[in-house]
Structure formats: structure tokens, C-alpha cells
Peer 1: 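Please read through the structure below; I'll follow up with questions.
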Amino acid sequence: MRIDILTILPKLLEGPFADSIMKRAVEKSHAEIHIHDIREYTTDKHNKVDDYAFGGGAGMVMTIQPIADLIDKLQQERAYDEVIYLTPDGEQLNQSICNQLSLKGNLMMLCGHYKGVDQRVRDMYITREISIGDYVLSGGELAAAVLTDAIIRLVPGVLNDETSALSDSFQDHLLAPPVYTRPADYKGNKVPDILTGGNLKAIDQWRHEQSVERTKQRRPDLLSGEE
Ligand code: ADE
């Protein structure tokens, strides 16, 4: 899996992939993450990547030229399965979208800023628009980092058995059950007996019941398939 992220703030994306599971995924060649600085592609003599909106109004708009030139260059080098624009007015991200995208080979992600990108970028290049939630970030970079993390951890080989994605919340429309580790008794707060009793079948059953109960309490919409 290869992910190319197009941004005007490449430094914002240095941290999220430099540690832990993402770092290992890249080191073990399960994933390639390439960050591209849109500003390097502008032909504007002042290095500008934004301009005033036609028709007036507050806020700047990202111009089409540097983004189009960069996307054209990347698309000449390889075919992309999706060109994703991170935007609060996109379809809302969920586990099912992450599962679908984790099966792809090459993904491109465009991070928006200011009032967004010139609509013609969206019309000409974008195949999918994704929001990570109903709130507005100051740019698409953190959203691209969230999406990349959620996808890459699903790529076969990235997680080991202990952290298997199959038991994650949402994978079966259920939230994950509570988990405990040592000590079994912390200042009188005890771990449920069933988890220390060694009966694996009973533990599986208990975990499932806890998942269902937690989902009913916190996210009943998942049980009714309305997510
Ligand atoms: N850019 C700004 N806010 C965003 C959001 N909620 N999701 C995706 N991209 C964004």
C-alpha cells in the first residue's frame, strides 16, 4: 500500500508516522507514505498557493495550478485507486470505509486549508471526499493522518496477533469489551472473576455480552445498522 499526501504544511505530518505501528509498517515495507509540499509546485513568483474567492467573501481559496501540476505528475508515475480530499463536507469516515480503502494499492490524499480548494480541483481530480467528523479542523492534515493510521493498521502483517484488528470496536458493529491487566486487585478494585478463571469459552461469552451491553448503552445506532 502506497499513500501520497499533498499538503501546504508538510511539517505537520512528520510526527504521526514517526513512531510505533505506523513507523514499523513503513520500516517493514507494508506501507509507503510520501508527503508532498504543494508549495514546491507553484509557478507564482511570490510562491503563493492561495487567492481571494471570486465573488468576494472572507477567506482565501487554494489555487488549482500547483495542486493540478502535482497530481498530474503523480498520476503519470502510477495509477491511483482513489484521490481523496479531506474536507468537513465529505462522507463521514467509519470502519467500513477504512476496511475498503485498506484493500487498495495506491491512494492519494489532498489536505485542504483556508476556505478549501478551488472547486475545479474537486471536479477534475477527486474521486472521494471524506470527513473525519462533524467539526472543523484548521486543515486537512490531521484528518489525513487519522485516515492513514486507520487504513494502514488494517494492512495484512502490520499488526501482530496481540493487537489484531479483528477484535477492534466497530469491526462487527459492536464496541470492544472492557480489558484488564495486572494487578488482579488494585486497592480493592478487582478484575471480574471470570477473566482470571481460565475458562476460555466462558471468557469469550462474557466479552461478547459486555460488547453488546456497551454498544446498547453508548452506541445503539450501531446495533440498528444506522451508523
Ligand atoms: N478539514 C477540516 N476539518 C475536517 C474534517 N472534520 N474532516 C476532514 N477534513 C477536514
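In listed order, ligands and their atoms are each counted from 1.
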Peer 1: Please confirm whether the backbone N or O of Lys104 pairs with a side-chain atom of Asp81, one donor and one acceptor, at under 3.5 Å?
Peer 2: no
Peer 1: Name all residues meeting the side-chain hydrogen bond (donor to acceptor under 3.5 Å, both in side chains) criterion together with Thr87; count only those two or more places apart in sequence or in a different chain, and write none if there are none.
Peer 2: Asp89
Peer 1: Measure from the side-chain N and O atoms of Thr215 to the backbone N and O of Leu175, and report whether any donor-acceptor pair falls under 3.5 Å.
Peer 2: yes
Peer 1: List in chain and number order the residues that pass side-chain contact (heavy atoms from CB on, under 4.5 Å) with Val26, two or more places apart in sequence or in another chain; answer none if no residue qualifies.
Peer 2: Ile33
Peer 1: For the pair Lys115 and Asp50, find out whether any cationic side-chain nitrogen is under 4.0 Å from an anionic carboxylate oxygen.
Peer 2: no
Peer 1: What are the polar N/O contacts of ligand 1 with the protein below 3.5 Å, with distances?
Peer 2:
residue: ligand 1; atom: 3 (N); partner: Leu137; partner atom: N; Å: 3.0
residue: ligand 1; atom: 6 (N); partner: Gly133; partner atom: O; Å: 3.1
residue: ligand 1; atom: 6 (N); partner: Tyr135; partner atom: O; Å: 2.8
residue: ligand 1; atom: 7 (N); partner: Ile132; partner atom: N; Å: 2.9
residue: ligand 1; atom: 9 (N); partner: Thr87; partner atom: N; Å: 3.2

Peer 1: Residues in side-chain contact (heavy atoms from CB on, under 4.5 Å) with Pro16, at least two apart?
Peer 2: Ala145
